[in-house]
Amino acid sequence: MKIDLSKKTAIVSGSTVGIGFAIAKRLAECGSVVVVNGRKQDSVDKAVAALKKAVPGATVRGVAADLSTAAGTAVLRKAEPTADILINNMGIFGPHDFFEIPDEEWSRFFDVNVLSGVRLSREYLPSMVSKGWGRVVFISSESALNIPVEMIHYGVTKTANLAVSRGLAKRVAGTGVTVNAVLPGPTLSEGVEAMLKDSAAKAGQSIEEAGTAFVREHRSSSLLQRMATPEEVANLVVYVCSPLASATTGAALRVDGGVVDTLA
Ligand code: NAD
């Protein structure tokens with residue numbers, strides 16, 4: 001089985017680091033033209049350079065834009081008018097007790113984690129439908145199903161990703177375009193490393209050890225019993241983007257290390 005994405009163009013939101021960067025790298029390895037995105041020009045330039053170095057000969061472009069806003073989405077659309085593959089990856093998270101979360105923070109989480117993917121899908125899906133081929137993937141989370149008590153607002157946005165994804169898959173049914181959600185479990189991305197840095201330093205642990213301790217304590221149903229790597233998540237995402245995955249649409253696919261204790 002070979003994944004060939006040559007002649008495809010893929011946009012990955014929030015891909016300067018973390019899971020998004022790993023997805024961009026795997027897509028480039030499979031021959032896709034890749035567009036990386038982050039908010040700052042220097043981190044976008046750095047990611048583009050790193051990808052070109054990691055995948056010699058790859059065509060990689062970058063667009064700096066805050067995709068939690070309509071203006072940022074317009075900047076991206078102007079620079080990259082069409083795409084064959086859209087990965088709605090960018091997302092923010094972090095513990096915050098329900099009783100301390102003000103309305104503005106709920107709105108910020110909704111803008112970054114939900115509305116960004118809604119806008120991008122509205123912009124890029126129609127041309128996929130006219131071409132009769134396309135792939136849209138929403139990076140949700142196991143937190144969509146296991147709402148984390150320490151960040152209920154995050155869980156709500158990740159559940160919303162599943163609803164939008166399933167609804168859009170129905171909306172474009174029969175067109176050759178698939179829309180799916182991928183649900184990672186705890187994954188040692190740069191964002192999670194930043195979250196664990198202090199506890200690792202306090203306990204005198206490496207970041208991997210702190211990740212494993214986090215999983216044991218806060219995600220005790222994990223069968224993997226460690227954090228996944230961003231590459232392990234990217235592998236599933238890239239399969240879903242491939243022509244091989246043509247019969248998979250409207251699905252919520254888990255790469256959660258078995259955290260969600262359910263049979264289906
Ligand atoms: P990360 O913090 O390591 O990286 C996030 C990326 O998004 C960065 O490139 C950042 O610059 C970018 N970004 C943030 N806000 C942006 C904005 N407004 N406009 C453009 N870019 C923006 O995150 P990660 O851990 O790789 O998470 C990626 C996705 O995976 C998120 O949707 C997250 O909810 C989901 N996820 C992560 C985990 C995990 O444990 N890491 C688990 C389940 C789901």
Side-chain angles (χ1 to χ4, degrees), residues 11-25 35-48 50-51 62-76 87-95 107-117 119-120 137-148 150-151 153-162 164-165 181-197 207 210-212 214-215 218-219 222 224 226-234 236-237 252-257 259-260:
I11 294 176
V12 188
S13 72
S15 43
T16 55
V17 294
I19 292 172
F21 182 84
I23 294 169
K25 182 162 168 262
V35 179
V36 297
N37 154 258
R39 279 155 300 174
K40 296 192 198 112
Q41 190 65 52
D42 61 337
S43 45
V44 169
D45 292 345
K46 230 171 101 188
V48 170
L51 285 172
V63 178
D66 181 346
L67 299 179
S68 69
T69 68
T73 310
V75 168
L76 176 65
I87 313 292
N88 290 313
N89 166 75
M90 73 181 226
I92 49 173
F93 44 84
S107 297
R108 188 171 79 93
F109 267 66
F110 185 79
D111 286 347
V112 177
N113 291 3
V114 183
L115 209 45
S116 58
R119 286 202 193 96
L120 290 171
V137 180
F138 287 81
I139 306 302
S140 173
S141 169
E142 51 90 13
S143 296
L145 306 176
N146 281 345
I147 301 294
E150 77 282 6
M151 43 182 181
H153 59 335
Y154 174 69
V156 169
T157 63
K158 292 287 132 177
T159 311
N161 291 157
L162 299 186
V164 175
S165 174
V182 166
L183 286 67
T187 305
L188 206 48
S189 65
E190 276 81 344
V192 167
E193 280 187 24
M195 207 167 86
L196 293 175
K197 214 171 55 194
I207 205 76
T212 300
F214 174 91
V215 169
H218 298 286
R219 299 290 185 273
S222 170
L224 190 63
R226 63 167 170 82
M227 293 233 165
T229 64
E231 290 73 22
E232 287 175 310
V233 174
L236 176 60
V237 175
L253 303 162
R254 292 189 278 129
V255 51
D256 67 342
V259 166
V260 180

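As the structure lists them, so they are numbered: ligands from 1, and atoms in each ligand from 1. Since this is a predicted model, take the numbers as computed values, not measurements.
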**Student:** Side chain, backbone, both or neither: which part of S140 comes within less than 4.0 Å of ligand 1 when only heavy atoms are counted?
**Tutor:** backbone
**Student:** Less than 4.5 Å apart, side chain to side chain, heavy atoms only: is that true for L120 and L76?
**Tutor:** yes
**Student:** Can you name the closest pair of heavy atoms from L162 and A181 and give their distance?
**Tutor:** CD2-CB, 3.6 Å
**Student:** Decide yes or no for V192 and T187: does some side-chain heavy atom of the first lie under 4.5 Å from some side-chain heavy atom of the second?
**Tutor:** no
**Student:** When you measure from the heavy atoms of S43 to every atom of ligand 1, does any distance fall below 4.0 Å?
**Tutor:** no
**Student:** For G14 and N37, work out which heavy atoms get closest and say how close.
**Tutor:** N-OD1, 2.8 Å
**Student:** Can you tell me which portion of P184 lies within the under-4.0 Å heavy-atom range of ligand 1? Options are side chain, backbone, both, or neither.
**Tutor:** both
**Student:** Check whether any side-chain heavy atom of R219 lies under 4.5 Å from a side-chain heavy atom of S143, and answer yes or no.
**Tutor:** yes
**Student:** Considering the heavy atoms of N37, write down every atom of ligand 1 situated less than 4.0 Å from one of them.
**Tutor:** 20 (C), 21 (N)
**Student:** If you compare all heavy atoms of V75 against all heavy atoms of A64, which two are closest, and at what distance to 0.1 Å?
**Tutor:** CG1-O, 4.1 Å
**Student:** Closer than 4.0 Å to some heavy atom of D66 - which atoms of ligand 1 meet that?
**Tutor:** 17 (C), 18 (N), 19 (N)
**Student:** Do any nitrogen or oxygen atoms of S141 lie less than 3.5 angstrom from nitrogen or oxygen atoms of ligand 1?
**Tutor:** no
**Student:** Find all atoms of ligand 1 within a distance of less than 4.0 Å from any non-hydrogen atom belonging to V192, and give their numbers and elements.
**Tutor:** 39 (C), 40 (O), 41 (N)
**Student:** Give me the atom names and distance for the closest heavy-atom approach of V35 to S15.
**Tutor:** O-OG, 4.3 Å
**Student:** Examine V112 against ligand 1 and note whether any of their N/O atoms are separated by less than 3.5 Å.
**Tutor:** no
**Student:** What I want to know is whether G191 and ligand 1 share at least one N or O pair that is separated by under 3.5 angstrom.
**Tutor:** yes
**Student:** What atoms of ligand 1 come within less than 4.0 Å of a heavy atom belonging to M90?
**Tutor:** 7 (O), 16 (C), 17 (C), 18 (N), 19 (N), 20 (C), 21 (N), 22 (C), 32 (O)
**Student:** Kindly compute the distance separating CD1 (I207) from CD (E190), expressed to the nearest 0.5 Å.
**Tutor:** 10.5 Å
**Student:** By number and element, which atoms of ligand 1 are closer than 4.0 Å to a non-hydrogen atom of R39?
**Tutor:** 10 (C), 11 (O), 13 (N), 14 (C), 15 (N), 16 (C), 17 (C), 18 (N), 19 (N), 20 (C), 22 (C)
**Student:** Which of the atoms of ligand 1 are close to G18, meaning less than 4.0 Å from one of its heavy atoms?
**Tutor:** 3 (O), 26 (O)
**Student:** Report the nearest protein non-hydrogen atom to atom 33 (C) of ligand 1: residue, atom name, distance rounded to 0.1 Å.
**Tutor:** Y154 OH, 3.5 Å
**Student:** Search all heavy atoms of S189 against all heavy atoms of F93 and return the closest pair with its distance.
**Tutor:** OG-CZ, 4.5 Å
**Student:** Any idea which part of F93 is under 4.0 Å from ligand 1, heavy-atom wise: side chain, backbone, both or neither?
**Tutor:** side chain
**Student:** State if A65 counts as touching ligand 1 under the rule of any non-hydrogen atom under 4.0 Å.
**Tutor:** yes
**Student:** Just going by heavy-atom distances, which of S13, G185, P230 is nearest to atom 42 (C) of ligand 1?
**Tutor:** G185
**Student:** With heavy-atom distances below 4.0 Å as the criterion, list the atoms of ligand 1 near G91.
**Tutor:** 31 (C), 32 (O)
**Student:** With only distance considered, is G20 within less than 3.5 Å of ligand 1 through an N or O on each side?
**Tutor:** no
**Student:** Run the numbers for me: atoms of ligand 1, each under 4.0 Å from some heavy atom of V17, listed by number.
**Tutor:** 3 (O), 4 (O), 8 (C), 9 (O)
**Student:** Heavy-atom pairs closer than 4.0 Å: do any link ligand 1 to the side chain of K158, the backbone, both, or neither?
**Tutor:** side chain
**Student:** Between ligand 1 and F21, can you find any atom pair, the residue atom being a heavy atom, that is separated by under 4.0 Å?
**Tutor:** no
